[in-house]
Amino acid sequence: ITDDIKVTSEMLWRAALLFAIIDIVLITILTRLVKPQVLFNMKWNLIIVMAIFFCLLFGSIMSIIFWDTVYSYVFPSWMRWIIPPAYGILFSLAGLFYWWVAFKLPANPVMIFCILGGSWGFLTHFIAIQRGLLEKAPMLQGASSISALTIATFEFIFYWSICLGITLLIEYLRSKLINKKNQ
């Protein structure tokens with residue numbers, strides 16, 4: 001990826017719309033498959049999946065693919081390989097907090113958990129924008145803050161939903177394995 005590529009506000013708005021549609025589908029499926037008690041019981045497995053997912057996601061995408069064109073403009077170079085495990089830990093702790101909050105609010109905790117993930121995307125990208133991400137990275141110059149924050153919100157709802165789906169799949173496969181061993 002080179003600095004010649006320009007990400008425009010229009011591109012971000014379109015991607016946000018696509019993520020929003022995918023999020024609606026995923027959350028609809030997850031709220032039917034994951035009952036509140038199941039979400040409650042999968043707490044630690046979910047947090048572990050989130051730690052691994054975000055470490056790998058940011059380890060591969062952020063530190064390898066987009067480091068030179070985006071992230072090097074807001075982070076010092078010595079942080080390149082520290083950020084992925086740090087984000088894995090930090091984002092999974094946010095997931096733990098949102099898991100807790102999801103059970104305190106009077107709505108479906110699965111839906112709340114996923115939507116709160118969007119607020120984490122908004123917050124982290126707001127901080128990055130404050131650090132000059134949109135002005136310093138040539139690839140992002142000209143993109144509006146609101147479009148960047150909107151896509152980040154829906155993108156992180158997607159990530160939280162994927163983590164929940166992966167955890168559900170692991171739980172399902174584990175129960176099948178245990179049942180098969182007990183037969």
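Residues take their numbers from the sequence shown, with the count starting at 1.
Here the NZ-CG distance, from Lys35 to Asn108, works out to 8.0 Å after rounding to the nearest 0.5 Å. Distance CG/Leu96 to CD1/Ile47: 4.5 Å, rounded to 0.5 Å. For the atom pair CE of Met50 and CG of Leu90, the computed distance is 10.5 Å after rounding to the nearest 0.5 Å. Here OG of Ser147 is found 4.5 Å from CG of Leu12. Values are rounded to the nearest 0.5 Å. Rounding to the nearest 0.5 angstrom, the gap separating the OG atom in Ser145 from the CD atom in Glu135 is 6.5 Å. Separation of atoms CD1 (Ile5) and CG (Leu140) is listed at 11.0 Å; rounding is to 0.5 Å.
Residues Leu93 and Ile52 are members of separate hydrophobic clusters, defined by side-chain heavy-atom contacts under 4.5 angstrom among Ile, Leu, Val, Met, Phe, Trp and Tyr. At a threshold of 4.5 Å between side-chain heavy atoms, the hydrophobic network of Ile, Leu, Val, Met, Phe, Trp and Tyr places Ile61 and Met139 in one connected group. Put simply, Ile89 and Phe156 are part of two different groups of oily side chains (I, L, V, M, F, W, Y) that touch within less than 4.5 Å, one to the next. Both Met42 and Leu33 belong to a common hydrophobic cluster when Ile, Leu, Val, Met, Phe, Trp and Tyr are linked at side-chain heavy-atom distances under 4.5 angstrom. Criterion: ILVMFWY side-chain heavy atoms under 4.5 Å apart, direct or through other members. Under it, Trp44 and Tyr172 are not part of a common hydrophobic cluster.
Residues Leu39 and Leu164 meet the side-chain proximity criterion, which asks for heavy atoms closer than 4.5 Å. Side-chain contact between Arg80 and Asp68 is present, with at least one heavy-atom pair separated by less than 4.5 Å. Using a 4.5 Å heavy-atom threshold, the side chains of Asn45 and Ile170 count as separate. Side-chain contact between Ile129 and Phe126: absent, with no pair of heavy atoms (C-beta onward) separated by less than 4.5 Å. Between Tyr73 and Leu133 there is no side-chain heavy-atom pair separated by less than 4.5 Å. Looking only at side-chain heavy atoms (C-beta outward), Ile162 and Leu26 come within less than 4.5 Å of each other.
Closest approach of Ile65 and Thr69 over heavy atoms only: O-OG1, 4.3 Å. Val110 and Val34 make their closest contact through CG2-O, 3.2 Å (heavy atoms, listed as atom of the first residue, atom of the second, distance). Closest approach of Ile112 to Ala102, counting heavy atoms only: CG2-CA, 3.6 Å. A pairwise comparison of heavy atoms in Ala143 and Thr8 identifies CB-C, 4.3 Å as the closest pair. Between Phe154 and Asp23, the shortest heavy-atom contact is O-OD2, 2.7 Å. Looking at every heavy atom in both residues, Cys163 comes nearest to Val49 through O-CG1, 3.7 Å.
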What verdict does the side chain to side chain contact (heavy atoms under 4.5 Å, CB included) test give for Glu171 and Asn41, after you've listed the backbone C-alpha separation in whole Å, the side-chain angles of each residue and the deciding distance to 0.1 Å? CA-CA 10 Å; Glu171 295 277 327; Asn41 292 338; over 6 Å; no
Is there a side-chain hydrogen bond (donor to acceptor under 3.5 Å, both in side chains) between Thr124 and Tyr87? Walk through the geometry before answering. CA-CA 11 Å; Thr124 57; Tyr87 274 20; over 6 Å; no
Run the side chain to side chain contact (heavy atoms under 4.5 Å, CB included) test on Met111 and Leu30 for me, step by step, so that the C-alpha distance in whole Å, both residues' side-chain angles and the decisive distance to 0.1 Å come before the verdict. CA-CA 8 Å; Met111 181 182 66; Leu30 288 169; over 6 Å; no
Derivation and outcome, side chain to side chain contact (heavy atoms under 4.5 Å, CB included), residues Tyr159 and Leu57: CA-CA 10 Å; Tyr159 293 154; Leu57 178 71; 3.6 Å; yes
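Exactly one residue among Phe40, Phe113, Trp160 makes a ring-ring contact (aromatic ring centres under 6.0 Å, His included) with Trp99. That residue is Phe40. Checking each of Ile22, Ile27, Thr153 against Phe158 for a side-chain contact (heavy atoms from CB on, under 4.5 Å) leaves exactly one that passes, namely Ile22.
In the model, Ser63 has no side-chain atom that pairs as donor or acceptor with a side-chain atom of Tyr71 under 3.5 Å.
Under a cutoff of 6.0 Å and an axis angle of 45°, Arg131 and Phe75 form a cation-pi pair.
A donor-acceptor contact shorter than 3.5 Å links the side chain of Ser9 to the backbone of Ser144. The backbone N or O of Gln141 sits nowhere less than 3.5 Å from a side-chain atom of Lys136 that would complete a donor-acceptor pair. Ser92 places no side-chain N or O within donor-acceptor distance of the main-chain N or O of Gly95, the cut-off being under 3.5 Å.
Remark: aromatic rings of Phe54 and Phe91 are close, center separation under 6.0 Å.
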